[in-house]
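Notes for the one structure printed next.
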Protein chains: 2
Amino acid sequence: MSAAGARERFLITGGAGFIGSHFVDFLLGAPGTARVTVYDNFTSGRRWHLEAHANDARLEVVHADIHERDRLADAASGHDVVIHLASNPDIARSANEPDLDFDEGTVLVRNVLEAMRIGDCRTILYVSGSGVYGDLGETEAVESTVDIRPVSTYGAGKLAGEGLIAAYAHMFGFRGYSFRLGNVVGARQTHGVGFDFIRKLKARPGVLDILGDGSQSKSYVHVGDVVAGMMHVLDHAGDSYDVFNLASGNYITVREIADMAIACLGLDDEEVQRRYGDGPRGWRGDVPVIRLNTDKIRKLGWSPRHGSGDAMRLAIEAMLAEPRCWQE
Amino acid sequence: MSAAGARERFLITGGAGFIGSHFVDFLLGAPGTARVTVYDNFTSGRRWHLEAHANDARLEVVHADIHERDRLADAASGHDVVIHLASNPDIARSANEPDLDFDEGTVLVRNVLEAMRIGDCRTILYVSGSGVYGDLGETEAVESTVDIRPVSTYGAGKLAGEGLIAAYAHMFGFRGYSFRLGNVVGARQTHGVGFDFIRKLKARPGVLDILGDGSQSKSYVHVGDVVAGMMHVLDHAGDSYDVFNLASGNYITVREIADMAIACLGLDDEEVQRRYGDGPRGWRGDVPVIRLNTDKIRKLGWSPRHGSGDAMRLAIEAMLAEPRCWQE
């Protein structure tokens with residue numbers, strides 16, 4: 001089968017990270033995968049994320065940085081598909097370090113594309129985000145119409161990455177897909193609101209400090225659905241470049257997530273004092289309400305297995321079951 | 001008048017270049033301008049572009065590069081408005097050097113914004129381009145809806161710049177306007193199809209090599225209209241961030257421009273052999289048909305003085321009248 005043959009060898013940037021390690025699990029369990037190369041600088045990636053595959057000869061781990069372009073081009077050579085996940089995972093941090101999303105976001109995409117061009121590897125899956133839409137409030141975001149006004153350097157960096165991939169698709173014959181993800185949750189998370197709540201409650205069970213007033217309402221998507229949805233698009237999308245929202249299709253509030261975290265830890269709900277922040281935004285650049293239309297990927301024949309609440313509960317349970325999530 | 005007072009001191013990156021020097025002319029001729037600082041690395045900027053103002057004490061020229069961020073932050077300090085024009089002017093070149101639009105485009109915007117944030121100067125006018133729309137064919141491009149798929153690294157770079165400015169407006173209280181320009185023409189051009197045709201015909205009057213099949217149809221906008229339109233928006237737009245198409249509203253073909261160049265040089269039309277390329281694209285990443293809707297800026301009370309043909313003829317006449325245009 002030529003379609004399967006064309007995607008036998010994968011390079012995953014950030015492959016030792018949260019989402020990356022789930023791609024490794026999936027690909028090494030799928031028929032027809034000849035090689036999986038993880039390219040990671042291990043700033044947020046972890047060796048133990050890959051431990052299940054320690055004896056699998058198809059897995060190679062390159063401990064290197066994407067800023068080392070020659071090394072990256074060498075690594076990309078001999079692969080069919082790059083799954084580009086590496087980027088700054090701490091979105092809130094850039095409010096004080098606005099260079100971060102550029103240097104550890106946009107620049108990485110540029111380097112990955114150039115490395116692929118030089119290394120003659122021309123298919124890329126790219127994790128973008130809802131940040132490209134800016135703040136639309138209750139309006140559902142649709143892929144084909146964007147009013148270009150991101151409200152964060154995170155969103156601007158993702159937007160820039162998408163544009164570069166579209167340009168390389170046209171100019172240099174790349175095949176590329178960008179995915180505007182909801183908030184991804186699941187085992188081995190290293191950031192995010194659920195992770196943050198559990199961390200805080202483990203340290204101090206009687207008090208929970210919440211960023212913003214708790215009314216933030218977003219789509220949370222399970223990492224298993226992210227991997228499955230992106231691979232479905234790789235196998236079924238026709239265009240040389242395209243973009244898809246990938247989310248659970250429903251929404252939960254930060255307040256609900258706090259309740260869930262407290263319940264999952266077995267704490268007495270009434271014994272935990274919630275301390276809310278002012279206003280709906282969790283941090284400067286946060287978008288408090290996100291509505292992602294998912295018709296496009298559904299029309300391609302794929303839909304998520306988990307809704308937002310279900311995904312978050314699974315994520316919290318998985319985090320609690322793994323003590324190494326809580327080690328620095 | 002506080003609005004005028006708020007825009008007394010201007011820093012112009014690329015201020016010695018084609019468009020930049022017209023801003024210098026305009027601002028030093030306008031009431032209320034206290035200071036104009038030109039920040040230019042003189043790769044395509046020229047000293048003689050500014051010679052009319054040699055004795056004007058309000059003009060300062062800083063010969064430096066935008067990659068020198070500390071110098072740029074020093075320069076930005078004490079200014080009210082930055083007009084950011086500096087960028088790679090040779091769009092076609094990036095087909096072979098795809099890093100160019102990133103390193104001499106997107107990175108410059110990032111550096112300018114950071115320098116402004118550090119230097120506490122928070123209003124920016126940004127020259128974007130029609131490239132952000134990708135290839136829409138005969139469909140008129142409207143500002144509020146973009147299907148993010150630029151077909152060139154030039155377009156991707158402009159898109160990235162817009163996104164960064166929108167993010168800084170939201171996160172750091174900037175006021176910013178992006179302008180998606182038609183092809184800008186006028187005195188002191190250093191690139192572009194009209195310039196290119198005159199240069200070729202002066203070197204070899206009997207033959208004109210044309211990139212593409214000549215059917216390319218775009219909007220050409222006179223540099224005087226660009227300056228006037230951008231200043232009008234600065235004075236009249238209300239939002240903290242906004243974006244405007246700025247074009248002449250009508251279109252001419254490359255074939256018509258060839259005829260015009262031949263006529264303006266006084267050559268016998270039938271004596272010049274036109275040698276066309278294959279297909280409609282002038283180069284890899286060229287968009288052969290561009291239609292820019294200009295309702296938004298017109299609703300703000302401004303409209304261009306010159307149509308595309310008029311603008312191009314004025315530009316060619318001005319170029320022919322200035323021998324220094326043709327010196328390296």
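Numbers restart at 1 for each chain; the letters A, B, ... are given by sequence-line order, proteins then strands. The basis for the numbers below is simple: all heavy atoms, side chains too, and nothing from hydrogens, waters or symmetry mates. In this text the structure is predicted, and so the values were computed from the model without any measurement.
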Test log, rule side-chain contact (heavy atoms from CB on, under 4.5 Å), inputs R180(A) and V243(A): CA-CA 7 Å; R180(A) 295 178 187 150; V243(A) 55; 3.5 Å; yes
Using a strict 4.0 Å threshold on nitrogen-to-oxygen distance, state whether R122(A) and D120(A) make a salt bridge. yes
Contacting region of D135(A) [heavy-atom separation from chain B under 4.5 Å]: neither
Need one label for D99(B): side chain, backbone, both or neither, based on atoms under 4.5 Å from any heavy atom in chain A. both
What residues, two or more places apart in sequence or in another chain, satisfy side-chain hydrogen bond (donor to acceptor under 3.5 Å, both in side chains) together with S128(B)? E162(B)
OG of S87(B) to CG of L108(B), rounded to nearest 0.5 Å, is 7.0 Å
What parts of residues 147-160 of chain B touch chain A if we use heavy atoms and a cut-off under 4.5 Å? D147(B), I148(B), R149(B), P150(B), V151(B), S152(B), T153(B), A156(B), L159(B), A160(B)
Going by distance alone, is a donor N or O of one side chain under 3.5 Å from an acceptor N or O of the other, for S217(B) and T253(B)? no
Engaged part of T106(B) at the chain A interface, taking heavy atoms whose separation is under 4.5 Å: both
Assert top hit (heavy-atom pairs under 4.5 Å, partner chain A, pool A166(B), A169(B), A167(B)) equals A167(B)
Between Y241(B) and R175(B), does any side-chain donor sit less than 3.5 Å from a side-chain acceptor? no
Could you pull out the closest heavy-atom pair between V82(B) and C121(B), with the gap in Å? CG2-SG, 3.7 Å
Ring-ring centroid check Y168(A) F102(B), cutoff 6.0 Å: no
Please classify the contact of D242(B) with chain A as side chain, backbone, both or neither, using a heavy-atom distance under 4.5 Å. both
Please list, in residue-number order, every residue in residues 290-302 of chain A that has a heavy atom less than 4.5 Å from any heavy atom of chain B; write 'none' if there are none. K296(A)
Taking R110(B) first and then D103(A), would you say they form a salt bridge - that is, a charged N and a carboxylate O separated by under 4.0 Å? yes
Electrostatic pair R69(A):D74(A) at N-O distance under 4.0 angstrom: no
Counterpart residues, side chain to side chain contact (heavy atoms under 4.5 Å, CB included), relative to T145(A) (two or more places apart): V142(A), T145(B)
Rounded to the nearest 0.5 angstrom, the CG-CD1 distance for D70(B) and I118(B) is 7.5 Å
